[in-house]
Amino acid sequence: MTATAASTATGGAASGLRHLAIIMDGNGRWAKAHRLPRIAGHRAGVEAVRRVVEAAPELGIEVLTLYAFSSENWKRPADEVADLMGLLRHYIQSEINALHKNGVRLDFIGDYRALKPDLVKLLEKARLQTADNRRLTLIMALNYGGQDELTRAARSLARDVATGSLDPEAISVETVSARLDTAGLPPPDLVLRTSGEMRLSNFLLWQSAYAEFVATDTLWPDFDAASLADAVAEFATRERRFGGR
Ligand code: IPE
Ligand code: IPE
Ligand code: MG
C-alpha cells in the first residue's frame, strides 16, 4: 500500500487528526429527557465511551483524551460524586482486559493520585498492564483542571529554581510543556464538546492553544461511531494556520 492509500484507509491520519480530546457532556440532560435518575445518564455515558474507544483507531486517531471528572466536579452532591467514582472503578475493572487485548494504552491526567487509595491502585495497575500497547493511547482526565495542572507545573519549576537546579532564564514553552500531565503527548488537534455547550470548562487550557473546536448538540450518551466520523469530517474541512499564513 502506498503512503497515500494507507492514510486514506484511516480517516484520521488523512485529516491530520492524531489527538482528539472530548468534553463528554450532557449525561444529566439525557437522563432528564428520559425521566431517569442522573446515574442512568452517567451509565449510558460509559456505553458511549466504549463505542468511541472502539471506533477511534479505525478513524486513524492515535490519542483519545476523555474528560471524565474535573477538579470542579467535587462541587456536585456527594452521592453523584460517589456514583461517578463507582462507575469509573467498574469501567476499569470490567474493561481493562478488553482494552489490553485491543492494543489500548491507558493513562491518566489530572491529580488522580488524590482519589481514593484503592481506586488509585486500580488505575496504576491498569496503566502498567497496558503500558506497551500502541494501537491507541486512551487518556482519562480524572480530577483534572487546566488551572490546577498549570499550578502544579509552576510549583514544580519553582521548587527546582529554589534548589538551584533550574535557571529561571532557561524556562521555555518546552520546559513548561514537559512539566504538564500531558508531557510526551502531541497537543490535541481537535477539542470536541457534546451537548451544545460552547466552553472549555478548564480542559487542556495550555495544550489547546491551536486546537480546532467542534461543538455538537448530541448529548454524550447518544454519541456513537457515526457522530465521531462526523466530527472527524468536520475537522478535515478546517484550515489550520498556527499563526502563519
Ligand atoms: C457529563 O455530564 C459528565 C460529567 C461532567 C462527569 P453532566 O453530568 O455534566 O451532564 P449535564 O451537563 O448536567 O447534562
Ligand atoms: C466538564 O463538564 C467536565 C467534564 C466533562 C468531566 P461540566 O458539566 O462539569 O462543565 P460545566 O460545569 O457545565 O462548565
Ligand atoms: Mg455538564
Side-chain angles (χ1 to χ4, degrees), residues 19-53 56 61 63-92 94-95 106-116 119-120 122-123 138-152 180-182 185 188 190-208 211-224 227-228 231:
H19 183 175
L20 168 66
I22 307 184
I23 303 172
M24 308 183 287
D25 199 15
N27 294 354
R29 277 161 282 172
W30 184 92
K32 197 168 181 201
H34 290 79
R35 297 171 191 278
L36 292 167
R38 280 185 80 86
I39 186 162
H42 294 314
R43 256 191 224 120
V46 175
E47 292 309 313
V49 168
R50 284 203 182 92
R51 292 194 289 271
V52 167
V53 169
I61 293 164
V63 182
L64 176 65
T65 299
L66 301 178
Y67 203 5
F69 192 87
S70 79
S71 46
E72 286 70 39
N73 285 148
W74 298 108
K75 293 177 190 165
R76 297 190 180 200
D79 60 339
E80 182 173 357
V81 170
D83 285 346
L84 287 167
M85 293 299 153
L87 282 173
L88 171 64
R89 183 179 278 111
H90 184 254
Y91 174 79
I92 303 286
S94 64
E95 215 63 12
L106 185 60
D107 207 341
F108 310 98
I109 58 171
D111 196 4
Y112 69 92
R113 290 180 185 90
L115 300 177
K116 290 229 166 81
L119 184 53
V120 176
L122 182 69
L123 299 174
L138 173 61
I139 309 285
M140 302 192 62
L142 301 174
N143 192 18
Y144 177 88
Q147 292 177 336
D148 177 67
E149 177 190 39
L150 281 158
T151 304
R152 286 185 283 110
L180 298 177
D181 300 344
T182 50
L185 294 171
L190 173 63
V191 173
L192 170 79
R193 185 164 188 152
T194 56
S195 87
E197 306 296 347
M198 296 282 211
R199 55 177 174 264
L200 288 173
S201 300
N202 209 5
F203 191 44
L204 299 177
L205 298 181
W206 170 281
Q207 298 87 342
S208 296
E212 295 296 320
F213 189 77
V214 166
T216 166
D217 287 334
T218 307
L219 302 173
W220 178 249
D222 291 327
F223 202 84
D224 60 12
S227 328
L228 184 65

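Side chains included, hydrogens not; waters and symmetry mates left out as well; all remaining heavy atoms used. Atoms within a ligand are numbered from 1 in the order they appear, just like the ligands themselves. Residue numbers start at 1 and run along the sequence shown.
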Student: Just by modelled atom types, is the Asn143 backbone N or O under 3.5 Å from a matching donor or acceptor in the Asp111 side chain?
Tutor: no
Student: Any atoms of ligand 1 less than 4.0 Å from a non-hydrogen atom of His42? List them with their elements.
Tutor: 3 (C), 8 (O)
Student: Could you tell me the residue and atom name of the protein heavy atom closest to atom 7 (P) of ligand 2, and the distance to it rounded to 0.1 Å?
Tutor: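 For atom 7 (P) of ligand 2, the nearest protein heavy atom comes out as Arg76 NH2, 3.8 Å.
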Student: Mark up the atoms of ligand 1 that fall under 4.0 Å of a heavy atom belonging to Ala68, in ascending order.
Tutor: 6 (C)
Student: Could you tell me the residue and atom name of the protein heavy atom closest to atom 5 (C) of ligand 2, and the distance to it rounded to 0.1 Å?
Tutor: Met24 O, 3.3 Å
Student: Return the residue, atom name and 0.1 Å-rounded distance of the protein heavy atom closest to atom 11 (P) of ligand 2.
Tutor: Ser201 OG, 3.6 Å
Student: If you measure from the Lys or Arg side-chain nitrogens to the Asp or Glu carboxylate oxygens, is any gap between Asp224 and Arg51 under 4.0 Å?
Tutor: no
Student: Looking at ligand 2, does Arg29 have a heavy atom less than 4.0 Å from it?
Tutor: no
Student: Between ligand 2 and Tyr67, is the shortest N or O to N or O distance under 3.5 Å?
Tutor: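 Checking ligand 2 against Tyr67, no N or O pair falls under 3.5 Å apart.
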Student: Can you say whether the rings of Phe203 and Tyr67 are parallel (under 30°), tilted (30 to 60°) or perpendicular (over 60°)?
Tutor: parallel
Student: Looking at ligand 1, does Ser195 have a heavy atom less than 4.0 Å from it?
Tutor: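 Contact absent.
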Student: Taking only heavy atoms of Phe69 into account, list the atoms of ligand 2 that are under 4.0 Å away from them.
Tutor: 6 (C)
Student: Just which atoms of ligand 2 are under 4.0 Å from any heavy atom in Arg199?
Tutor: 11 (P), 13 (O), 14 (O)
Student: Quick one: sort the Tyr112 and Phe108 rings into parallel, tilted or perpendicular, breaks at 30° and 60°.
Tutor: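 The arrangement is tilted - the two ring planes meet at 30° to 60°.
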